[in-house]
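Working notes, structure below.
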Amino acid sequence: MKRGKKRIIGLVIFAVAVALIAGYIKFFNGTFLYISTGLKDDVVLKAGNSKAYTWEADILLSDAKKEYENVFGSGVWSQSMEGVNMDDYVKDQVRSKLIRVKCMNLMAKEKGVVLSRTQKDAVSSAADTFFNALTQEQVSALNVTKDQIEKMFTEFAIADTLYDDVTSQINTEVSSDDARVITIQYICAGSKSDISSAKERLDNGESFYSVAKDFGGEEESETECKRGEMEQAFETAAFNLKTGETSSIVEAGGKYYIIRCTSDNEKSKTEANKTALMDEKKLEYFNSVFESYEASKYVEMNKKVWNSKKTANATELPVSFETVFNELVK
């Protein structure tokens, strides 16, 4: 299970990072993209009748570059994700984010969603904070004004408000048991005879750690588990244990295990996981409502301008748009 889990972690680590980096909304977009040469050079795309400008893309690319390099280092751009080089993969994320925010603002306008006075004041403060952190050279490189920065914060705030409005009435309750995070130790063997030998040693009074170490468990004495992360048989056995209890032999995924529970409820982590699961429910509901609307919008991409941009070459700004938004607006 240890090696299998590490392989899974290796495969999804970029996807997890994307989830962390993407921010407050999973920006999925299923809209048909039309490649256009009719858009001006300062426009990267048009969704419906709403345009996304080069400076908006440059700001989001700057955020993405900083976040990915902070997590993976500057060499991340030579790697790939899902068969796509990381630079193009992250550009796709930024493009989808731009499309989604523009489409959410179109829906918000149709529904009459507007910002409150408090939200408008927060947007104005965020725009001041962001713009004033830029040097004159960076302002010139982006070719942006403070009014334009405020408009970008406004659109993100409207998108956030729409999201809250759409999801405000759904039931997002998650049981404490479904959200429970536990801590375990385990012994893994490839054959029933080997795991039986391990069980005999435990039954004879040897410490769990000592036996686990002989079966390759010295690298990781404890592991946190959430529901849905492990093979079902392994998960069922682990979550049925109380603190201090040890399982009988468990067969899962072609291997054999003995599991010891060191904590049957990591309470602070359970609460954090509960919040995350509730957020996932809200997101699933929002996407079920919004994706058909988004897909109905005609999107034009300025291929020449978009292809000229590289995440690896994005301007390194001293301030993060998303950080300022989350701290002052959201």
Side-chain angles (χ1 to χ4, degrees), residues 1-28 67 71 93 100 159-188 208 212 217 220-248 250-253 255 257-291 322-323 325-327 330:
M1 179 63 68
K2 182 187 298 295
R3 292 190 182 91
K5 185 179 179 186
K6 287 183 177 178
R7 282 199 298 270
I8 292 170
I9 291 173
L11 290 172
V12 304
I13 190 167
F14 284 134
V16 170
V18 167
L20 291 173
I21 292 166
Y24 70 101
I25 291 177
K26 178 185 176 185
F27 292 97
F28 170 85
E67 293 290 348
V71 175
Q93 298 297 316
R100 171 144 290 199
D160 197 53
T161 302
L162 175 71
Y163 183 83
D164 288 342
D165 285 356
V166 170
T167 59
S168 62
Q169 301 301 317
I170 67 166
N171 179 15
T172 60
E173 189 59 35
V174 175
S175 73
S176 295
D177 189 58
D178 285 341
R180 188 156 54 101
V181 178
I182 65 174
T183 305
I184 62 168
Q185 298 172 316
Y186 58 85
I187 298 166
C188 175
F208 196 95
E220 185 179 88
S221 60
E222 288 189 335
T223 300
E224 286 180 6
C225 291
K226 301 174 186 175
R227 293 191 185 276
E229 290 185 336
M230 303 292 186
E231 293 276 350
Q232 187 59 56
F234 185 99
E235 177 185 296
T236 299
F239 276 86
N240 281 338
L241 296 172
K242 300 295 184 184
T243 300
E245 290 183 346
T246 300
S247 73
S248 57
V250 178
E251 182 178 0
K255 293 189 177 181
Y257 302 90
I258 301 172
I259 308 162
R260 180 176 183 271
C261 179
T262 56
S263 173
D264 61 15
N265 192 353
E266 297 284 348
K267 293 188 177 182
S268 62
K269 293 176 181 178
T270 292
E271 286 303 310
N273 190 39
K274 188 173 185 177
T275 298
L277 292 172
M278 291 169 67
D279 288 343
E280 285 180 16
K281 279 192 170 185
K282 288 177 67 175
L283 177 60
E284 287 174 4
Y285 178 77
F286 179 79
N287 278 339
S288 72
V289 171
F290 184 74
E291 283 174 5
E322 188 170 326
T323 297
F325 180 85
N326 289 335
E327 290 179 353
K330 186 170 172 59

Atom OH of Y285: over 12 foreign heavy atoms under 6.0 Å
no
Exceeds 12 heavy-atom contacts within 6.0 angstrom, atom NZ of K226 | no
Applying side chain to side chain contact (heavy atoms under 4.5 Å, CB included) to T236 and not counting sequence neighbours gives Q232, N240
Is the shortest side-chain heavy-atom distance between [X] and [Y] below 4.5 Å?
| X | Y | value |
| --- | --- | --- |
| E222 | I184 | no |
| M230 | C225 | yes |
| V166 | F290 | no |
| E229 | E224 | no |
| S247 | L241 | yes |

The single option from E280, E284, M278 that satisfies side-chain contact (heavy atoms from CB on, under 4.5 Å) with T172 is M278
TODO: Please work out which of the three classes, parallel, tilted or perpendicular, describes the rings of F234 and Y257, given edges at 30° and 60°.
DONE: perpendicular
CD (E271) and CD (E266) are apart, to the nearest 0.5 Å, by 13.0 Å
Applying salt bridge (charged side-chain N to carboxylate O under 4.0 Å, His left out) to R180 and not counting sequence neighbours gives D177
Examine R260 relative to Y186 and say whether NZ or CZ is less than 6.0 Å from the centre of the six-membered ring and inside a 45° cone about the ring axis.
no
